[in-house]
Amino acid sequence: MELQLKSTSRDVLDDNQLRYPLKIKNYNDLRLPDFVIPRILVVLVLPENLTDWLQHSEEELCMRYCAYWVSLRGMPDTKNTATVTVSLPRSHQFTVSALQSMMQRLSQGVLL
């Protein structure tokens, strides 16, 4: 599995989804259904203030807010020329258990 990682501090969340403007090249790379290795888009939402992104000490490293994931495999072509807004469900939090679940499904031959 390959991940394309993005981050934003813009206000892109609503009640059910994250709406992220993705460059056309990246959208096309991620949506191609015939690519052998599954590709996943992961978007990390960060606080607007740079100093709030991370807190760290010898005991912990704490990153603020959350990352979300989506598979764009098989999404339609677009006539847009610069960006396309991609919706990532807020239920698709990129967590350790979500990653483990994705890897388990892939090992069973289930496409994401």
Side-chain angles (χ1 to χ4, degrees):
M1 177 169 48
E2 292 182 359
L3 302 176
Q4 185 160 131
L5 305 173
K6 302 292 184 186
S7 65
T8 184
S9 60
R10 289 186 266 173
D11 184 17
V12 294
L13 294 171
D14 66 24
D15 289 341
N16 300 313
Q17 63 190 353
L18 178 153
R19 296 181 50 81
Y20 184 79
L22 188 63
K23 291 180 182 178
I24 291 296
K25 181 201 179 304
N26 300 115
Y27 177 76
N28 287 329
D29 287 347
L30 290 167
R31 72 178 188 82
L32 295 176
D34 55 346
F35 200 79
V36 176
I37 300 171
R39 293 176 168 183
I40 304 299
L41 173 65
V42 176
V43 179
L44 174 63
V45 179
L46 297 164
E48 189 173 321
N49 186 345
L50 178 68
T51 60
D52 292 336
W53 287 8
L54 289 173
Q55 295 178 358
H56 63 87
S57 68
E58 289 185 5
E59 290 79 36
E60 69 181 0
L61 174 63
C62 180
M63 183 182 301
R64 297 283 312 273
Y65 293 171
C66 188
Y68 303 89
W69 70 272
V70 70
S71 172
L72 299 179
R73 178 185 290 269
M75 293 297 288
D77 195 7
T78 181
K79 294 181 181 181
N80 295 12
T81 57
T83 64
V84 61
T85 300
V86 182
S87 295
L88 293 86
R90 288 186 74 169
S91 61
H92 283 195
Q93 292 182 8
F94 191 69
T95 63
V96 171
S97 61
L99 182 57
Q100 289 172 332
S101 175
M102 284 184 247
M103 297 304 288
Q104 179 68 31
R105 290 188 309 199
L106 288 171
S107 73
Q108 296 169 351
V110 178
L111 295 176
L112 302 174

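Both backbone and side-chain heavy atoms feed into the values below; hydrogens, waters and symmetry mates do not. No experiment lies behind these values; they were computed from the predicted model shown.
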* Asked: Out of curiosity, Asp77 CG to Asn28 CG, how far, rounded to the nearest 0.5 Å?
  -> 6.0 Å
* **Note, Arg10 side chain near Pro21 side chain (heavy atom, < 4.5 Å)** => yes
* To do: With the side chain counted from C-beta on, respond yes when Pro38 and Glu2 share a heavy-atom pair under 4.5 Å apart, and no when they do not.
  => no
* Spell out, yes or no, whether Val96 and Trp69 are grouped together once hydrophobic residues are joined by side-chain heavy atoms under 4.5 Å, including indirect joins. => no
* Structure fact -> Sequence neighbours excluded, the answer for salt bridge (charged side-chain N to carboxylate O under 4.0 Å, His left out) partners of Lys79 is none
* List in chain and number order the residues that pass salt bridge (charged side-chain N to carboxylate O under 4.0 Å, His left out) with Asp14, two or more places apart in sequence or in another chain; answer none if no residue qualifies. => none
* To do: Check Leu46 against Ser7 and note the closest heavy-atom contact, atom names and distance.
  => CD1-CB, 3.9 Å
* Heavy-atom pair of closest approach, residues Ser9 and Pro47 -> CB-O, 3.5 Å
* Residues two or more places apart in sequence or in another chain: which of them pass side-chain hydrogen bond (donor to acceptor under 3.5 Å, both in side chains) with Ser87? -> Gln17, Arg19
* Hydrophobic cluster of Val43, others only, ordered by chain and residue number, side-chain cut-off 4.5 Å -> Val12, Leu13, Leu18, Tyr20, Leu22, Ile24, Tyr27, Leu30, Leu41, Val45, Tyr65, Tyr68, Val70, Leu72, Met75, Val84, Val86, Leu88
* Structure fact -> Sorted by chain and number, sequence neighbours left out, side-chain contact (heavy atoms from CB on, under 4.5 Å) with Leu3 holds for Met1, Leu5, Ile40, Val42, Phe94
* May I ask you to check whether Gln4 and Asp29 show a side-chain donor-acceptor distance below 3.5 Å? => no
For residues 100-112, tabulate all N or O donor-acceptor pairs below 3.5 Å that involve a side-chain atom, not counting sequence neighbours.
residue: Ser107; atom: OG; partner: Gln104; partner atom: O; Å: 2.6

